[in-house]
Amino acid sequence: MRFTLKQIEYFVAAAETGSITLAAQRIPISQPSVSTAVAGLEEQFGIQLFIRHHAQGLSLTTAGHRFLKEARTLLRQAEELEAAAGEISSRVSGPLAIGCLSTLYPLMVPELLQCFRAEHGAVTVEAVAGNQIELFEGLRNGRLSLVLTYNLDIPADLDFTPLAELPPFAFVSADHRFADRTSVSLGELGGEGFILLDLPLSREYFLGLFEKAGLTPRIIGRFAHIDVVRSLVARGEGFGLANAQPKNRASLDGLPLAYLALDDAPQPLIHGIVTLKGSRRTPAMQAFLGLCHDKLHNKKLPGTV
């Protein structure tokens with residue numbers, strides 16, 4: 001496009017007032033800006049828009065009259081476009097990309113998506129699972145709008161909004177000697193084989209629980225998928241630690257598990273929402289944040305006991 005809307009606006013003001021001076025006062029803008037805009041339009045299109053009368057202002061040429069008609073139409077359409085954009089931005093519609101820590105995803109995201117889509121069908125939601133490092137990178141490169149995760153090592157360029165605490169717990173096989181108990185201490189588990197959930201930041205958190213208790217766990221396996229850990233534990237290979245207690249107290253192959261609270265009362269994790277500092281919150285994003293607050297703030301996760 002060889003012109004700007006400002007040039008068109010200045011031309012219309014000059015045409016309607018018949019004066020560069022009066023046009024500049026109406027807008028308001030400097031007189032040279034109006035003169036430059038009009039001269040630029042004439043040069044770009046190769047037409048004379050005004051007859052300039054010394055000390056008597058301006059009068060439109062025949063071409064100028066036709067140009068004025070089209071210019072007014074263009075400005076009206078521009079105003080309509082701006083109004084439409086305002087309406088669009090205030091509606092809950094468009095795309096929304098969210099990320100969730102892989103261990104939390106199956107427990108919370110399906111219900112959140114179902115509720116959100118039922119209320120905001122015009123929003124196209126993409127939800128991905130990953131580890132904390134992957135998800136934070138997604139926020140920074142613009143692929144994700146928000147992330148559901150724990151308060152583990154949140155970088156300075158990200159904001160964390162807490163939702164609820166999730167204290168750690170131990171899980172063992174149904175025939176384990178501790179299975180009939182409701183709680184156990186890390187000290188009592190010290191001699192047992194520990195199967196570690198080996199995810200970035202999660203492993204440091206779980207190992208840190210032992211370190212704070214002055215203990216060294218006997219690690220017999222490291223796996224990046226919680227269901228692998230649960231399956232091995234259910235077969236009596238060792239014990240595991242986690243923070244979210246699924247309602248399903250069994251491994252994927254159907255073997256039962258027992259959940260045990262930790263007597264040591266170690267530091268809980270806090271799950272919440274991470275966003276990029278200074279990022280603009282679209283109506284779709286605001287609606288999803290509101291849903292998360294309603295469903296999750298100081299409440300149990302949907303898929304947990």
Side-chain angles (χ1 to χ4, degrees), residues 92-139 143-152 158 160-169 171 197-202 205 223-231 233-234 240-257 259 268-275 281-305:
V92 181
S93 60
L96 178 66
I98 65 175
C100 184
L101 198 66
S102 58
T103 52
L104 291 175
Y105 191 107
L107 301 174
M108 62 194 303
V109 173
E111 181 168 329
L112 288 175
L113 289 182
Q114 186 177 42
C115 294
F116 187 78
R117 286 169 173 157
E119 188 172 350
H120 304 291
V123 180
T124 303
V125 187
E126 177 191 6
V128 301
N131 64 52
Q132 192 119 306
I133 294 174
E134 296 169 337
L135 297 175
F136 287 175
E137 183 57 30
L139 284 175
R143 189 171 62 87
L144 298 176
S145 301
L146 59 92
V147 165
L148 299 164
T149 188
Y150 292 123
N151 61 329
L152 289 172
L158 302 179
F160 179 79
T161 302
L163 290 172
E165 291 186 349
L166 285 176
F169 71 99
F171 53 99
L197 178 62
D198 196 7
L199 287 171
L201 303 181
S202 294
Y205 168 75
F223 299 93
H225 299 284
I226 187 64
D227 282 319
V228 175
V229 177
R230 286 169 64 89
S231 290
V233 169
L241 295 178
N243 291 81
Q245 299 187 26
K247 292 179 180 178
N248 178 19
R249 295 174 181 259
S251 60
L252 285 180
D253 53 359
L255 296 179
L257 291 162
Y259 297 161
L269 284 180
I270 299 173
H271 76 86
I273 304 164
V274 178
T275 55
R281 297 189 174 184
T282 65
M285 186 175 171
Q286 288 281 38
F288 191 84
L289 292 173
L291 175 67
C292 289
H293 187 273
D294 292 343
K295 292 284 186 181
L296 303 174
H297 186 249
N298 290 332
K299 297 176 183 177
K300 291 182 178 180
L301 292 178
T304 63
V305 295

Q. If you round to the nearest 0.5 Å, how far is CG of Leu252 from NE2 of His225?
A.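 Spacing of NE2 (His225) from CG (Leu252) equals 11.5 Å.
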Over all heavy atoms of both residues, which pair between [X] and [Y] is shortest? Give the atoms and the distance, please.
{"X": "His271", "Y": "Phe160", "answer": "C-CZ, 3.9 Å"}
{"X": "Ala242", "Y": "Phe171", "answer": "CB-CE2, 4.0 Å"}
{"X": "Leu135", "Y": "Gly130", "answer": "CD1-O, 3.6 Å"}
{"X": "Gly240", "Y": "Val229", "answer": "CA-CG1, 4.4 Å"}
{"X": "Leu255", "Y": "Ala234", "answer": "CB-CB, 3.7 Å"}
{"X": "Tyr105", "Y": "Ala129", "answer": "CD1-CB, 3.6 Å"}

So do [Y] and [X] actually touch side chain to side chain, heavy atoms under 4.5 Å?
{"X": "Val128", "Y": "Glu134", "answer": "no"}
{"X": "Leu241", "Y": "Leu197", "answer": "no"}
{"X": "Ile226", "Y": "Leu199", "answer": "no"}
{"X": "Ile98", "Y": "Leu112", "answer": "no"}
{"X": "Pro162", "Y": "Asn151", "answer": "no"}
{"X": "Leu101", "Y": "Leu148", "answer": "no"}
{"X": "Met285", "Y": "Thr275", "answer": "yes"}
{"X": "Asn243", "Y": "Pro268", "answer": "no"}

Q) With Asp198, which residues qualify under salt bridge (charged side-chain N to carboxylate O under 4.0 Å, His left out), at least two apart? A)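 Testing Asp198 for salt bridge (charged side-chain N to carboxylate O under 4.0 Å, His left out), a comparison that skips the adjacent residues, returns Arg203.
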Please table the atom pairs, donor to acceptor, closer than 3.5 Å between any side-chain atom in residues 295-305 and protein atoms at least two apart or in another chain.
{"unit_1": "Lys299", "atom_1": "NZ", "unit_2": "Asp294", "atom_2": "O", "d": "2.5"}
{"unit_1": "Thr304", "atom_1": "OG1", "unit_2": "Leu301", "atom_2": "N", "d": "3.3"}
{"unit_1": "Thr304", "atom_1": "OG1", "unit_2": "Leu301", "atom_2": "O", "d": "2.8"}

Q. Does Leu152 offer a backbone N or O that forms a donor-acceptor pair with the side chain of Gln132 under 3.5 Å?
A. yes
Q. Which residues satisfy the ring-ring contact (aromatic ring centres under 6.0 Å, His included) test with Phe288, sequence neighbours excluded?
A.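 For Phe288 the ring-ring contact (aromatic ring centres under 6.0 Å, His included) partners, ignoring immediate neighbours, are Phe116.
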